[in-house]
Amino acid sequence: MTSIKPLGDRVVVQPKPAEEKTESGLYIPDSAKEKPQEGTVVATGPGRVEDGTRIEMTVEEGNDVLYGKYAGTEVTLDGDEYLIMRESDIFGVVEG
């Protein structure tokens with residue numbers, strides 16, 4: 001299995017799958033599915049450096065996060081889809 005270790009303040013997120021059907025039971029075709037905006041952090045970098053001081057990351061592996069619709073760069077590793085984005089592209093951590 002290939003692994004990836006992001007640099008600086010970058011985060012690797014595995015997006016949650018897009019909804020297959022609506023709440024009323026209608027199936028959504030692939031062309032109409034929206035990009036997911038929620039995923040799970042699978043790796044984090046060491047943090048960014050400002051004025052010679054390292055600022056630690058506020059998210060950690062295993063956190064479920066919300067991010068912008070067009071955030072990050074899509075990559076495929078071992079057949080799985082991931083997004084690599086800056087920590088600042090993450091809006092928040094989903095709890096509960």
Side-chain angles (χ1 to χ4, degrees):
M1 177 177 159
T2 306
S3 65
I4 185 166
K5 180 68 178 165
L7 302 175
D9 68 338
R10 291 205 166 56
V11 177
V12 179
V13 175
Q14 186 169 30
K16 298 218 177 196
E19 293 293 322
E20 295 288 325
K21 63 181 184 176
T22 64
E23 290 180 18
S24 62
L26 297 174
Y27 285 93
I28 302 170
D30 287 338
S31 61
K33 289 181 184 173
E34 291 199 20
K35 289 180 71 168
Q37 292 178 270
E38 186 174 348
T40 303
V41 175
V42 295
T44 63
R48 69 182 189 279
V49 176
E50 280 186 17
D51 300 324
T53 304
R54 181 168 307 280
I55 299 173
E56 297 294 323
M57 303 288 278
T58 55
V59 296
E60 54 191 41
E61 292 181 29
N63 284 149
D64 288 333
V65 294
L66 295 173
Y67 51 86
K69 187 176 278 192
Y70 301 104
T73 301
E74 296 176 352
V75 296
T76 303
L77 294 173
D78 296 333
D80 292 323
E81 299 287 327
Y82 297 96
L83 288 170
I84 300 177
M85 63 184 72
R86 292 193 179 276
E87 185 182 33
S88 60
D89 291 335
I90 295 174
F91 298 142
V93 176
V94 179
E95 296 178 347

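Here I55 contributes atom CD1 and E50 contributes atom CD; the two are 3.5 Å apart, rounded to the nearest 0.5 Å. Taking CG from L77 and OH from Y82, the interatomic distance works out to 6.5 Å, rounded to the nearest 0.5 Å. Going from atom NZ of K16 over to atom CD of E38 covers 5.0 Å, rounded to the nearest 0.5 Å.
Nearest heavy atoms, R86 versus R10: NH2-NH2, 3.0 Å. Taking each heavy atom of Y67 and F91 in turn, the nearest pair found is C-CE1, 3.5 Å. Scanning both residues, P6 and I4, for their nearest heavy atoms gives CD-O, 3.7 Å. In terms of heavy atoms, G45 sits closest to M57 at O-CG, 3.3 Å. P46 approaches L7 most closely through the heavy-atom pair CD-C, 4.3 Å.
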* Step by step, would you call V12 with L83 a side chain to side chain contact (heavy atoms under 4.5 Å, CB included)? -> CA-CA 6 Å; V12 179; L83 288 170; over 6 Å; no
* Does the side chain to side chain contact (heavy atoms under 4.5 Å, CB included) test come out yes or no for E61 and V42, once each step is laid out? -> CA-CA 5 Å; E61 292 181 29; V42 295; over 6 Å; no
* Walk me through it: do T40 and Q14 pass the test side-chain hydrogen bond (donor to acceptor under 3.5 Å, both in side chains)? => CA-CA 5 Å; T40 303; Q14 186 169 30; over 6 Å; no
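E87 contributes a side-chain N or O that, together with a main-chain N or O of V59, makes up a donor-acceptor pair within less than 3.5 Å. A donor-acceptor pair under 3.5 Å is absent between the side-chain atoms of R48 and the main chain of R54, judged by distance alone. K5 contributes a side-chain N or O that, together with a main-chain N or O of T44, makes up a donor-acceptor pair within less than 3.5 Å.
L66 places none of its side-chain heavy atoms less than 4.5 Å from the side chain of I90. V41 has its side chain out of reach of E60: every pair of non-hydrogen atoms, C-beta onward, lies at least 4.5 Å apart.
Hydrophobic clustering, with ILVMFWY side chains joined whenever heavy atoms are under 4.5 angstrom apart, groups V93 together with V11.
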